Amino acid sequence: MVQCATNRVRVVILISGRGTNMQALVRAVQDEHLPVEIVAVLSNRADAGGLAWAQTQGLQTQVLSHRDHDSRTAFDAALQARLSELAPDFILLAGFMRVLGPELTHHFAGRIINIHPSLLPAFPGLHTHAQALAQGVQWHGCSVHFVTPILDHGPIIAQGVIPVLANDTPDTLAARLLPVEHAIYAQVLRWLAQGSIRLLADGRVEIPGQPHRAWLETGLYPQEHHELT
Ligand code: GAR
């Protein structure tokens, strides 16, 4: 999949909560004048904190509450219709805490991207930081990936990695990981704006000139610190 770099890439951002990843995406567009049009920020919760911030940035916000629909299928159908009206090139899930069903994910195949707070395929679902601590893994992280019908699964575009320290709690892990999430999601948006992300037939992602798409937490790796450019 290659976008034409001369056109503005239309994105819709979906949130359910405070929206710090959404803010990182919006700031990247604003500060770097990326050729990206944020068509709308849409939430399934009217009380999502991120909506107010998006409004301060002059962005269109919309609410589509899952509570107004009798079933997941009905909500998905309404969301699919709403998204189709907005005609995005890409749908960026930024803390959107609803599982999307097969019809919607097939309809927008290769165009829905999610950030998940674990090194997928490890620890899909909720409470990823507690899962990491319970398993005793020494490395933890976050993944930006294309969405498929399988929850927290799909072609990985970029990952961010942090060490698990001896005294970490789920909260300290989450706090150290969050800036890494922001960094890799903003980088993925730059690649989308450049039209450089290719989804291969075998289900992997390729980005010319980016053989290794990982972000290691700054400062802890004096010998080798990969920075995405
Ligand atoms: C982020 O940590 C994101 O990775 C996670 O929710 C948080 C949202 O924070 N997403 C998921 O768990 C999706 N499975 P934010 O609202 O501040 O961006």
Side-chain angles (χ1 to χ4, degrees), residues 11-30 38 40-57 59 61-64 66 72 75-76 79 90-101 104-105 108 112-135 137 139-162 164 168-189 213-215 217:
V11 304
V12 173
I13 304 175
L14 269 52
I15 64 171
S16 296
R18 63 191 170 174
T20 66
N21 276 287
M22 176 266 299
Q23 290 184 27
L25 295 168
V26 172
R27 288 206 171 102
V29 173
Q30 293 172 338
I38 299 169
V41 174
L42 190 154
S43 177
N44 64 311
R45 299 182 57 112
D47 62 354
L51 289 174
W53 185 87
Q55 285 161 9
T56 68
Q57 305 304 302
L59 295 170
T61 60
Q62 296 192 10
V63 175
L64 183 68
H66 57 281
R72 284 187 182 279
F75 174 70
D76 270 11
L79 181 58
F90 293 100
I91 298 154
L92 306 182
L93 310 186
F96 186 69
M97 304 306 279
R98 297 292 300 174
V99 176
L100 298 175
L104 186 146
T105 50
F108 294 110
I112 311 179
I113 292 172
N114 182 43
I115 185 156
H116 182 74
S118 80
L119 291 174
L120 291 174
F123 314 138
L126 298 174
H127 311 300
T128 55
H129 312 305
Q131 289 189 62
L133 290 172
Q135 291 300 323
V137 296
W139 297 96
H140 186 44
C142 49
S143 307
V144 176
H145 65 100
F146 283 105
V147 170
T148 72
I150 303 171
L151 178 66
D152 298 327
H153 173 274
I156 289 169
I157 304 170
Q159 290 188 310
V161 182
I162 63 172
V164 179
D168 263 326
T169 66
D171 285 348
T172 62
L173 271 182
R176 287 215 321 285
L177 187 60
L178 196 60
V180 183
E181 292 191 36
H182 298 164
I184 67 167
Y185 218 172
Q187 180 59 62
V188 167
L189 187 55
R213 306 182 304 271
W215 179 287
E217 188 181 44

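We count ligands from 1, going down the list as the structure has it; atoms in each ligand are counted the same way. In this text the structure is predicted, and so the values were computed from the model without any measurement. Position 1 is the first residue of the sequence; numbering continues from there.
To the nearest 0.5 Å, atoms CG (Leu92) and CD1 (Ile38) are separated by 8.5 Å. Interatomic distance, CG of Leu79 versus CZ of Arg72, reported as 12.5 Å (0.5 Å rounding). To the nearest 0.5 Å, the span separating CG on Leu42 from CG on Leu93 amounts to 11.0 Å. In this structure, Leu173 CG and Ile162 CD1 are separated by 5.0 Å, a value rounded to the nearest 0.5 Å. Rounded to the nearest 0.5 Å, atoms SG (Cys142) and CH2 (Trp215) are 10.5 Å apart. Rounded to the nearest 0.5 angstrom, Phe108 CZ and Ile91 CD1 are separated by 4.0 Å.
The nearest protein atom to atom 1 (C) of ligand 1, hydrogens excluded, is given as Glu181 OE1, 3.2 Å; this is a heavy-atom distance. Atom 16 (O) of ligand 1 has its closest protein heavy atom at Gly19 N, 2.8 Å. Looking only at protein heavy atoms, the nearest one to atom 10 (N) of ligand 1 is Ile115 O, 3.6 Å. The protein heavy atom nearest to atom 7 (C) of ligand 1 is Gly95 CA, 4.3 Å. At the shortest separation from atom 14 (N) of ligand 1 among protein heavy atoms lies His116 ND1, 3.1 Å.
The distance from ligand 1 to the heavy atoms of Thr20 drops below 4.0 Å at these ligand atoms: 15 (P), 16 (O), 17 (O), 18 (O). Under a 4.0 Å criterion applied to the non-hydrogen atoms of Asp152, ligand 1 contributes the atoms 14 (N). Interface of Arg18 with ligand 1, defined as ligand atoms under 4.0 Å from a residue heavy atom, comprises 9 (O), 15 (P), 16 (O), 17 (O).
At least one heavy atom of Met97 sits closer than 4.0 Å to an atom of ligand 1. Judged by the shortest distance from any of its heavy atoms, Cys142 lies outside the 4.0 Å radius around the atoms of ligand 1.
Heavy-atom proximity to atom 5 (C) of ligand 1, evaluated over Pro117, Ala24, Gly49, is greatest for Pro117.
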Donor-acceptor list for residues 119-130 side chains, cut-off 3.5 Å, not counting sequence neighbours:
| unit_1 | atom_1 | unit_2 | atom_2 | d |
| --- | --- | --- | --- | --- |
| Thr128 | OG1 | Pro117 | O | 2.7 |
| His129 | ND1 | His140 | NE2 | 2.8 |

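Geometrically, ligand 1 and Asn114 share no nitrogen or oxygen pair separated by less than 3.5 Å.
More than 12 heavy atoms of other residues, nucleotides or ligands lie within 6.0 Å of NE2 in His66, so this atom counts as buried by the packing criterion.
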